[in-house]
Novice: 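There's a structure below that I have some questions on.
Both ligands and their constituent atoms are indexed starting at 1 by order of listing.
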Amino acid sequence: MKKIKILAIETSCDETGAAILEGKSGSKNPRFKILANVVSSQIKIHALWGGVVPSLAKREHQANLIPVLKKTLKESNLLIFNSEFLIFKQIQSSKFKILNSILEREPELLKQFLKFIPAIAVPKIDAIAVTSGPGLEPALWTGVNFAKALALIWKKPLIAVNHMEGHIVSVLLKQNKIIKFPAIALLVSGGHTELVLIKNWLNYRIIGQTLDDAAGEAFDKVARLLGLPYPGGPALAKLAVKNKKVPDFKPRTPSAVRFPRPMINSRDFDFSFSGLKTAVLYLVRKLPELTPEIKAQICREFQQAVIDVLIAKTLKAVQKYKPKTVILGGGVAANQELRKQIKKELSKKFSKISLLLPEIKFTGDNAAMIAAAGCLKAFKKMFVKNIKTLKADGNLKLG
Ligand code: KG4
Ligand code: ZN
């Protein structure tokens with residue numbers, strides 16, 4: 001059995017994350033122990049603009065990475081300050097030059113890096129994992145450059161992790177969870193809606209995906225047109241739940257009573273949510289007044305339309321590929337109705353299949369899931385060959 005300690009960095013969107021995790025490779029399933037998991041959210045900043053602003057996200061990651069790293073090292077008891085003599089010795093001039101070139105587009109981060117990193121002892125970790133995509137490219141680059149600089153100065157191997165792979169393994173952060181293969185993952189986040197067939201560890205095939213908006217994106221857009229605050233998904237879900245007892249709203253136009261379930265009967269495993277968003281828009285435009293009751297009913301019906309399609313397509317994929325495990329991952333996996341209904345429908349039709357849901361705290365973006373995915377890669381020695389050439393890729397695909 002192998003045992004390794006990984007430091008992970010996550011900056012793909014609007015959360016600056018760092019985590020340290022210990023992974024043990026078992027005979028079949030790995031085991032993880034989280035030593036620290038720190039997330040610094042930028043929600044308040046982006047809320048002012050009604051959505052994530054990439055340049056602001058990058059600026060915030062630059063400012064937050066060192067404080068987040070410091071907290072992570074401290075929480076995992078790996079923060080040791082150096083003596084003055086060692087500080088002087090640590091960054092040699094040759095390395096300083098490379099460091100400057102790696103962090104040249106992150107001046108604020110470089111400033112903080114040069115102050116903090118030489119002041120601490122090299123932490124006892126075995127490797128550094130970083131999200132290299134998909135996500136907002138400027139934001140991703142800050143994390144990638146930071147991880148490169150740390151790997152270089154601390155002489156640690158670097159692991160590039162796909163953010164969606166992190167969402168898949170987020171279900172393993174709960175103690176004693178195991179994945180039996182083949183597995184199917186329904187990944188629902190702000191940028192992605194995917195059905196992934198997983199034949200074995202690190203073996204992914206996307207069997208279906210959204211043709212336009214992602215599920216989380218649809219939640220956010222509909223929330224916005226209903227005047228709900230950012231981030232829209234949780235706000236919309238809250239309104240839908242709170243008003244469950246309100247009788248169904250009956251607008252005058254019969255076609256507006258229900259929203260469509262786009263592509264629910266299509267033969268493939270793909271999704272489309274932009275038409276659903278447009279249906280909500282047309283209804284809102286037609287209404288003489290958007291009362292709180294009507295708003296709540298729209299939230300409920302919209303949420304149910306998304307859930308119906310997600311579950312129908314997942315069950316269809318289960319029917320075809322006969323997996324032993326179904327995994328739900330991504331920010332939208334925090335939706336309580338989705339969790340409840342997928343559990344119910346799956347156990348009704350396929351009682352032998354186990355459903356793995358991530359803990360709510362691991363549904364949103366975090367570095368613990370990136371560290372877990374990094375561990376899987378480290379066990380297979382899948383390190384970045386040449387640190388300097390690693391690139392952030394906003395459109396990185398699984399598989
Ligand atoms: O995975 P994530 O944190 O970031 C990306 O990788 O995109 O997902 C964020 C998405 C947002 O669209 C957010 O509105 C949505 O997840 N979300 C929810 C809920 N909580 C977060 N959508 C529906 N219901 C929720 N409870
Ligand atoms: Zn995500």
Side-chain angles (χ1 to χ4, degrees), residues 8 10-17 19 37 39-43 46-47 50-52 54 57 131-137 139-140 143 161-171 173 185-194 196 209-210 213-226 228-242 271 273-274 276-277 299-300 302-311 327-342 357-370 372-373 394-396 398:
E10 152 68 40
T11 63
S12 68
C13 192
D14 58 348
E15 322 274 5
T16 313
N37 181 35
V39 180
S40 165
S41 175
Q42 306 172 5
I43 281 180
H46 299 290
V52 183
T131 308
S132 61
L136 302 172
E137 216 158 276
L140 284 164
V161 172
N162 183 306
H163 181 80
M164 302 317 287
E165 189 172 9
H167 279 306
I168 292 172
V169 297
S170 70
V171 294
L173 296 173
L186 170 66
L187 302 180
V188 273
S189 70
H192 292 79
T193 300
E194 287 171 351
V196 186
Q209 59 194 317
T210 183
D213 292 351
E217 188 180 358
F219 265 90
D220 294 338
K221 285 179 175 168
V222 167
R224 203 170 168 173
L225 66 92
L226 294 176
L228 299 175
Y230 168 86
L236 194 155
K238 212 165 139 192
L239 257 192
V241 171
K242 218 161 76 190
F271 305 88
F273 292 110
S274 90
L276 181 54
K277 169 199 66 196
C299 290
R300 213 169 95 187
F302 165 78
Q303 177 176 272
Q304 195 54 50
V306 174
I307 293 175
D308 284 350
V309 180
L310 292 175
I311 294 181
I327 293 166
L328 180 67
V332 185
N335 189 286
Q336 290 296 348
E337 270 308 306
L338 173 61
R339 295 169 81 95
K340 212 164 76 189
Q341 293 185 31
I342 198 169
L357 302 174
E359 277 184 77
I360 298 292
K361 63 179 172 197
F362 298 126
T363 54
D365 294 344
N366 65 84
M369 67 183 195
I370 303 303
N395 297 313
L396 190 65
L398 263 181

Novice: Which atoms of ligand 1 have any heavy atom of G191 under 4.0 Å away?
Specialist: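 With G191 as reference, the close atoms of ligand 1 come out as 7 (O).
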Novice: Could you list the atoms of ligand 1 found under 4.0 angstrom from a heavy atom of H163?
Specialist: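 Answer, ordered by atom number: 6 (O).
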Novice: Could you grab the distance from atom OG of S170 to atom NZ of K361, nearest 0.5 Å is fine?
Specialist: 12.0 Å
Novice: I'd like to know if the Zn ion (ligand 2) has an N/O/S atom from H167 within less than 2.8 Å of it, counting both backbone and side-chain atoms.
Specialist: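 Short answer: yes, at least one N, O or S atom is under the cut-off.
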Novice: With a 4.0 Å cut-off on heavy atoms, is P234 in contact with ligand 1?
Specialist: yes
Novice: Would you name the N/O/S atom of D365 that lies closest to the Zn ion (ligand 2)?
Specialist: OD1
Novice: Roughly how far, to the nearest 0.5 Å, is the CD1 atom of I311 from the CG atom of L186?
Specialist: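 Interatomic distance, L186 CG to I311 CD1, rounded to 0.5 Å: 9.0 Å.
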Novice: At a non-hydrogen distance cut-off of under 4.0 Å, which region of Q336 contacts ligand 1 (side chain, backbone, both, or neither)?
Specialist: neither
Novice: Taking 2.8 Å as the cut-off, does C13 contribute an N, O or S atom near the Zn ion (ligand 2), distance below it?
Specialist: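 Not a single backbone or side-chain N, O or S atom of C13 is under 2.8 Å from the Zn ion (ligand 2).
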Novice: Does an N or O anywhere in G216 fall below 3.5 Å from an N or O of ligand 1?
Specialist: yes
Novice: To the nearest 0.5 Å, tell me how far F271 CZ sits from T193 OG1.
Specialist: 7.0 Å
Novice: Quick check for you: to the nearest 0.5 Å, what is the distance between H167 atom NE2 and H192 atom NE2?
Specialist: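 H167 NE2 to H192 NE2: 9.5 Å, rounded to 0.5 Å.
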Novice: Provide the number and element of each atom of ligand 1 under 4.0 Å from a heavy atom of V332.
Specialist: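 That gives atoms 15 (C), 16 (O), 18 (C), 22 (N), 23 (C) of ligand 1.
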Novice: Look up atom CD in Q341 and atom CD in Q303, then write down how far apart they are to the nearest 0.5 Å.
Specialist: 8.0 Å
Novice: Which bit of E15 gets closer than 4.0 Å to ligand 1, counting heavy atoms only: side chain, backbone, both or neither?
Specialist: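 Neither part.
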Novice: How about N366 and E10: does a side-chain donor come under 3.5 Å of a side-chain acceptor?
Specialist: no
Novice: Using a 4.0 Å cut-off to any heavy atom of G364, which atoms of ligand 1 qualify?
Specialist: 3 (O)
Novice: Could you tell me if Q304 and E337 have a donor-acceptor pair between their side chains, going purely by distance under 3.5 Å?
Specialist: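 Side chains of E337 and Q304: no pair found under 3.5 Å.
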Novice: Around atom CZ of R224, are there more than 12 heavy atoms from other residues, nucleotides or ligands closer than 6.0 Å?
Specialist: no
Novice: Give me the residue, atom name and distance of the protein heavy atom closest to atom 24 (N) of ligand 1.
Specialist: N335 ND2, 3.0 Å
Novice: With atom 14 (O) of ligand 1 as the reference point, say which of V52, D365, D220 has the nearest heavy atom.
Specialist: D220
Novice: Run the ring-ring contact (aromatic ring centres under 6.0 Å, His included) check on F302 and F219 step by step: do they pass?
Specialist: CA-CA 8 Å; F302 165 78; F219 265 90; 5.2 Å; yes
Novice: Take H163 and D365 through the side chain to side chain contact (heavy atoms under 4.5 Å, CB included) test and state the conclusion after the steps.
Specialist: CA-CA 9 Å; H163 181 80; D365 294 344; 3.0 Å; yes
Novice: Could you pull out, from G331, G190, G233, the option with a heavy atom nearest to atom 21 (C) of ligand 1?
Specialist: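 It is G331 whose heavy atom sits nearest to atom 21 (C) of ligand 1.
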Novice: Could you list the atoms of ligand 1 found under 4.0 angstrom from a heavy atom of H167?
Specialist: 1 (O), 6 (O)
